[in-house]
Amino acid sequence: MPELAEVDYFRRQWNPGLGARVLRVNLRPQTRVFRGVQAASFVRVVEGATLETSECHGKQMLFRLSGAGWLGIHLGMTGDMRVESARFDPAPYDHLVLHQRGRSLVFRDPRQFGRVRFHQGAAPPDWWSNLPPTLLSRGFTCARMRAFLDRRRGTPIKAALLMQEGFPGIGNWMADEALWRAGVDPRLRSGRLSEAASLALYRAVRHVAAGAMRVMATEFRDPPPSWLFRHRWTPGGRCPRHHILLERATIGGRTTVWCSECQ
């Protein structure tokens, strides 16, 4: 599933369409991607509107349209976004296409775990404005993180990091990366995290988020070999620090990788 930086990378793919009018809309309203969206209202507002701004919050995106329209997109597990020619003919998994002069903005999702959301109003929708602070914002503090983990004190720390209401944008590899850098065993219960370990984890989460945004959101390239990321994907991977075989287990329903020496 795309994480923080990958989501922002795909958001940026539609940026060539900012400032341009939507001339025509193609959508597949019968699919799960459009659950809760009234297709007729969506088309009525979006067609003829100008795509004004785009922003990303964790794993979610929001596009503002003229005429007080708000388009939200969640990629799910297999979604992606791209630009095609103005005469683009949608394929079966291209669930939403915004045709503009000179281009078409396409949202594709083969497995339909993603979602398109829509709101009309002067202010952003509640499903956007009520999101928790982003990992790189001033609102995401160590004290806030500690309070969130304390409320889930019996949960393994790896599973807690995957909870979007506390750590928006973090997914499987980012959680493993942050825990490895902080020297925290992913199996440790959240309530047993010491004050020193909490601070180390907070700094690691922000470091990993910033690094991912720097190297993946802009060019979609992998982090450097000094990151756990480059060694975690296949059996036989070794810790980039100690060069010992990485441990593997399922925690919180996700394959988890860690170094027994570092953590």
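Values reported hereafter were calculated over all heavy atoms of this structure, with side chains retained and with hydrogens, waters and symmetry mates removed. Predicted model, so just to flag it, every value in this text is computed and none were measured.
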In sequence, state the C-alpha distance, the side-chain angles, and the governing distance for Ser198 and Arg146, and then conclude on side-chain hydrogen bond (donor to acceptor under 3.5 Å, both in side chains).
CA-CA 7 Å; Ser198 294; Arg146 179 68 264 177; 2.7 Å; yes
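- Checked by atom type and distance alone, the side chain of Gln263 pairs as donor or acceptor with a backbone atom of Val184 at under 3.5 Å.
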Phe148 and Phe167: ring-ring contact (aromatic ring centres under 6.0 Å, His included), yes or no, with the steps?
CA-CA 9 Å; Phe148 179 84; Phe167 300 91; 5.6 Å; yes
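- Using a 4.5 Å heavy-atom threshold, the side chains of Trp127 and His119 count as touching.
- Looking only at distances, no side-chain donor or acceptor of Glu247 sits under 3.5 Å from a matching main-chain atom of Trp258.
- Both tests hold for Arg241 against Trp180: distance to the six-membered ring centre under 6.0 Å, angle to the ring axis within 45°.
- Between Ile244 and Ser260, some side-chain heavy-atom pair lies under the 4.5 Å cut-off.
- Contact annotation: the side chain of Val25 approaches that of Leu98 to within less than 4.5 Å [non-hydrogen atoms, C-beta and beyond].
- Side-chain contact check for Pro156 versus Pro186: every heavy-atom pair is 4.5 Å or farther apart.
- Looking at heavy atoms from C-beta onward, Phe113 lies in side-chain contact with Arg32 at the 4.5 angstrom threshold.
- One N or O on the side chain of Tyr202 and one on the backbone of Phe140 form a donor-acceptor pair closer than 3.5 Å.
- When all heavy atoms are compared, the tightest approach of Pro240 to Pro225 is CB-O, 3.8 Å.
- A side-chain donor-acceptor contact under 3.5 Å links Gln13 to the backbone of Tyr9.
- Checked by atom type and distance alone, the side chain of Arg206 pairs as donor or acceptor with a backbone atom of Ser137 at under 3.5 Å.
- The two residues Ala5 and Met216 come nearest to each other via the heavy atoms CB-CB, 3.7 Å.
- Evaluated for a side chain to side chain donor-acceptor pair (under 3.5 Å) with Ser104, the options His99, Glu84, Arg82 yield exactly one hit, His99.
- In this structure, the side chain of Thr250 does not engage the main chain of Gly253 through any donor-acceptor pair within 3.5 Å.
- More than 12 heavy atoms of other residues, nucleotides or ligands shown are found within 6.0 angstrom of CZ on Arg248.
- Under a 3.5 Å cut-off, the side chain of Arg117 and the backbone N or O of Gly72 do not form any donor-acceptor pair.
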Where do Phe10 and Phe220 land on the ring-ring contact (aromatic ring centres under 6.0 Å, His included) test, with the steps shown first?
CA-CA 9 Å; Phe10 284 115; Phe220 212 62; 5.7 Å; yes
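- Checked options Leu179, Thr256, Ile251; the residue passing with Arg187 is Ile251 (criterion: side-chain contact (heavy atoms from CB on, under 4.5 Å)).
- Between the side chains of Ser54 and Asn15, a donor-acceptor pair is found at a separation under 3.5 Å.
- Across all their heavy atoms, Ala91 and Asp94 have their closest contact at N-OD2, 2.8 Å.
- Contact detail for Val205 and Ala178: the closest heavy-atom pair is CG2-CB, 4.0 Å.
- Taking the side chain as every heavy atom from C-beta outward, Arg108 and His95 never approach each other to under 4.5 Å.
- For Ser129 against Pro124, the heavy-atom pair with the smallest separation is OG-O, 4.3 Å.
- Proximity of a side-chain donor or acceptor of Glu177 to a complementary backbone N or O of Phe229 within less than 3.5 Å is detected.
- Surrounding CZ of Arg203 are at most 12 heavy atoms belonging to other residues, nucleotides or ligands under 6.0 Å away.
- The environment of CD in Glu165 is crowded: more than 12 heavy-atom neighbours from other residues, nucleotides or ligands sit within 6.0 Å.
- Taking 4.5 Å as the limit, some side-chain heavy atom of Lys158 sits within range of a side-chain heavy atom of Asp176.
- Side-chain contact check for His242 versus Cys259: some heavy-atom pair is nearer than 4.5 Å.
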Evaluate Trp14 against Phe63 for ring-ring contact (aromatic ring centres under 6.0 Å, His included), listing each step before the verdict.
CA-CA 10 Å; Trp14 275 20; Phe63 296 86; 5.1 Å; yes
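- No continuous path of hydrophobic side-chain contacts links Leu4 to Val7 [ILVMFWY only; heavy atoms under 4.5 Å].
- Summarising the hydrophobic clusters (Ile, Leu, Val, Met, Phe, Trp, Tyr; side-chain heavy atoms under 4.5 Å, direct or chained), the residues clustered with Leu162 are none.
- Judged purely by atom type and a 3.5 angstrom limit, Glu3 uses its side chain to pair as donor or acceptor with the backbone of Asn172.
- Residue pairs satisfying the salt bridge (Lys or Arg N to Asp or Glu O under 4.0 Å) criterion with at least one member in residues 4-29, sequence neighbours excluded, are listed as follows: Asp8-Arg11, Asp8-Arg12.
- Classification of the Phe42-Phe118 ring pair by plane angle, with boundaries at 30° and 60°, yields perpendicular.
- Counting only distance, with no hydrogens or angles, the side chain of His231 and the backbone of His243 share no donor-acceptor pair below 3.5 Å.
- Atom CD of Gln38 has 12 or fewer neighbouring heavy atoms from other residues, nucleotides or ligands inside a 6.0 Å radius.
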